[in-house]
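As structure tokens, the structure follows; a few thoughts come after it.
For ligands, and for the atoms within them, numbers begin at 1 and follow the listed sequence. Computed from a predicted structure; not experimentally measured.
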Amino acid sequence: MQKLVTFLAVVCLLNACIPSATYRPAYHYTPEKNWVNDPNGLVYLDGEYHLFYQYNPAGDKWGHMSWGHAVSKNLKTWEELPLAIPETMNADGSTNMVFSGAAVVDSLNTSGFFEKGFTKGMVAIYTSHLNKNGEGMAQSQSLAYSSDKGRTWKFYDKNPVLAIGLKDFRDPNVFMQEGKWKMIVAKPLEFMVQIYESTNLKEWTLLSEFGKMGDVAKIWECPSLFKVPVENSDNSKWVMLVSSAAEATEFTGMQYFVGEFDGKSFVSDKQEGVLRLDRGKDFYAAIPFQNLPSKDKNPIIMGWGSNWSYAGDIPSEGRRGMFSMPRKLSLVKENGQFRLVQKPIYSNRIHSKELKLKASELTKPKTWEMKNNSYKLGLVIDLGNSNGFAMELLKNEEEKCVLTYNAMTQKLFFDRTKSGKIDFNKNFTSIETMQAVPQNGVLKLDIFVDNSIVEVFANEGEAVLTDLVFPQKNGGKIILSLLKD
Ligand code: FRU
């Protein structure tokens, strides 16, 4: 009996020593508690980057949509601030939810919301979503303004400023061009965006429409339009981001168009197929920061790390959802077509492992023991005449994520079918694929593993893949081996 008790005590102690995983990311932003989706009102002002976002102050499920708020001085670490713009209740019990939108700095006080000469007024342009008994009744564009750098907000007393009688009409993104405000906003069910102009943010004139191109499988949401520099040249082109369907159309994903914008209409270059921003399942609703310091010519975007196909079911720790790392954008021309390149912005304080090797050195699999599930892994691999490689990540007795590179097809696969908790939604298990062409036989991967999110950047951001994963133990291994014939 005594022996049995001792044995059981030892087993319990050992079990307690195996740390279970936390899903809260260490260097991706997520608020302390509750539900988040889209980033909203990304804007820079006076040394602070503002991240507003779709937030439910009342729980870890979608609802009561309001704007949450965080700020950062460096785009690497974030501080959560109190709720910025709340859902409001109408006399009849219906509510106005505060859906996605943009924030701008109205330095010339074009709106008249601020005191004379005040240059630091912030205006939020968002979608009012009228919600009656849990049902969406109408969507229109509204304003709120802040004189204290986004800490407190007032609603414009003549909201809404733009309504066209459509029930689905949302997600305005606003920027200044040659002294005039431009708004791009989605008609989601028609796969269209509209572009408007205004001198005061209050009265808007329709300039043009664009759409029914590229991916039209599901819906169009959260559009944005901005200039992106072409690498190694003085040129830039206009890029339109649209949140729509993924290649597997039961999932949401992002596409983009490259073209020209003459101040009135956007015209897309001819493109072959759909240009996709991210080849994983968990990058959506990304928009650019407004009002970046003029030395920063390259736009910076952030996205929501989840997918509407299962977002409501992912494991909750009293909070659900997170944001991608910020990504700096540029364009390159490849086979006559422009493509976006995305470079992650991250802190060099993240624990990082840099591996530089030749495939021929991998006669036996190599293993690395990791202390926890949050790190950056840099891999520069000379493929030689190998068939490619397989890298197991977050590997423990029962679980692993597998990144496989096939040198023949030049395709990278990310397999999360055994990645940990997967049974919360039947759509979650998946294998992603992305093309990654080695340069002079060398493939470069920057892999960001952060407890429940993995972002893979190939060849300095030429191809990107973002996926959520839910390993149930901390400190998984990395095992790298050659692909057999
Ligand atoms: C996109 C979206 C937006 C909408 C918001 C509501 O993820 O559906 O179109 O404004 O989420 O939370």
Side-chain angles (χ1 to χ4, degrees), residues 31 34-42 51-69 83-88 95-103 124-131 134-144 160 162-163 166-174 183-194 211 215 217-224 240-246 250-255 277-278 281-287 301-314 320-324 466 468:
N34 298 332
W35 166 276
V36 298
N37 57 286
D38 315 359
N40 296 152
L42 301 185
L51 162 60
F52 298 95
Y53 46 86
Q54 287 291 280
Y55 184 67
N56 179 359
D60 65 2
K61 292 209 157 52
W62 187 91
H64 299 290
M65 296 325 290
S66 304
W67 277 25
H69 190 194
L83 189 70
I85 312 180
E87 174 194 44
T88 52
T95 66
N96 291 313
M97 290 196 195
V98 186
F99 267 22
S100 288
I125 307 98
Y126 64 89
T127 298
S128 293
H129 174 88
L130 179 64
N131 176 57
E135 211 189 312
M137 307 301 286
Q139 294 181 342
S140 53
Q141 317 321 321
S142 289
L143 305 179
L162 182 61
L166 259 191
K167 199 170 141 209
D168 285 271
F169 177 50
R170 61 179 178 268
D171 308 338
N173 204 268
V174 174
M183 176 201 289
I184 177 167
V185 55
K187 295 203 279 182
L189 307 184
E190 297 174 23
F191 311 108
M192 293 292 282
V193 299
Q194 292 189 316
D215 182 295
K218 200 179 191 73
I219 201 167
W220 276 26
E221 302 181 310
C222 302
S224 60
M240 185 186 292
L241 300 186
V242 180
S243 292
S244 40
E250 63 272 38
F251 297 94
T252 42
M254 288 195 72
Q255 62 173 328
L277 208 58
D278 191 292
K281 290 283 171 354
D282 297 303
F283 187 79
Y284 195 66
I287 53 166
I301 61 169
M302 280 175 88
W304 172 44
S306 201
N307 196 302
W308 279 119
S309 171
Y310 47 71
D313 298 330
I314 63 170
R320 259 206 191 97
M322 68 178 79
F323 298 95
S324 75
T466 306
L468 296 182

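- Neither the backbone nor the side chain of Thr127 has a heavy atom within less than 4.0 Å of ligand 1.
- Ligand 1 has a nitrogen or oxygen under 3.5 angstrom from a nitrogen or oxygen of Trp308.
- Residues Ser244 and Gln255 bring a donor and an acceptor atom of their side chains to less than 3.5 Å of each other.
- Remark: the Thr127 side chain and the Gln141 side chain contain an N/O donor-acceptor pair separated by less than 3.5 Å.
- Ligand-side atoms of ligand 1 in range of Gln54: 5 (C), 6 (C), 12 (O), range being under 4.0 angstrom from any heavy atom.
- Here the protein heavy atom with the shortest distance to atom 8 (O) of ligand 1 is Glu221 OE2, 2.9 Å.
- Cation-pi geometry between Lys281 and Phe251 is met: the NZ or CZ atom falls under 6.0 Å from the ring centre, inside 45° of the normal.
- Within the listing of ligand 1, atoms 5 (C), 10 (O) sit less than 4.0 angstrom from a heavy atom of Ser100.
- Aromatic ring centres of Tyr53 and Phe323: separated by under 6.0 Å.
- Remark: ligand 1 atoms within the under-4.0 Å shell around heavy atoms of Asp171 are 3 (C), 4 (C), 9 (O), 10 (O).
- Side-chain contact check for Asn96 and Glu87: no donor-acceptor pair (N or O, by modelled atom type) lies under 3.5 Å.
- For ligand 1, the polar-atom distance check finds an N/O of Arg170 within less than 3.5 Å of one of the ligand's N/O atoms.
- When only non-hydrogen protein atoms are considered, atom 5 (C) of ligand 1 lies nearest to Asp38 OD2, 3.6 Å.
- For the 3.5 Å distance criterion, the side chains of Asp38 and Tyr55 fail to qualify, holding no donor opposite an acceptor.
- Per-residue contacts place Asn37 under 4.0 angstrom from the following atoms of ligand 1 (heavy atoms of the residue considered): 5 (C), 6 (C), 7 (O), 11 (O), 12 (O).
- Checked by atom type, the side-chain pair Asn40/Ser100 shows a donor-acceptor distance below 3.5 Å.
- Near Phe99, meaning under 4.0 Å from any of its heavy atoms, are these atoms of ligand 1: 4 (C), 6 (C), 10 (O).
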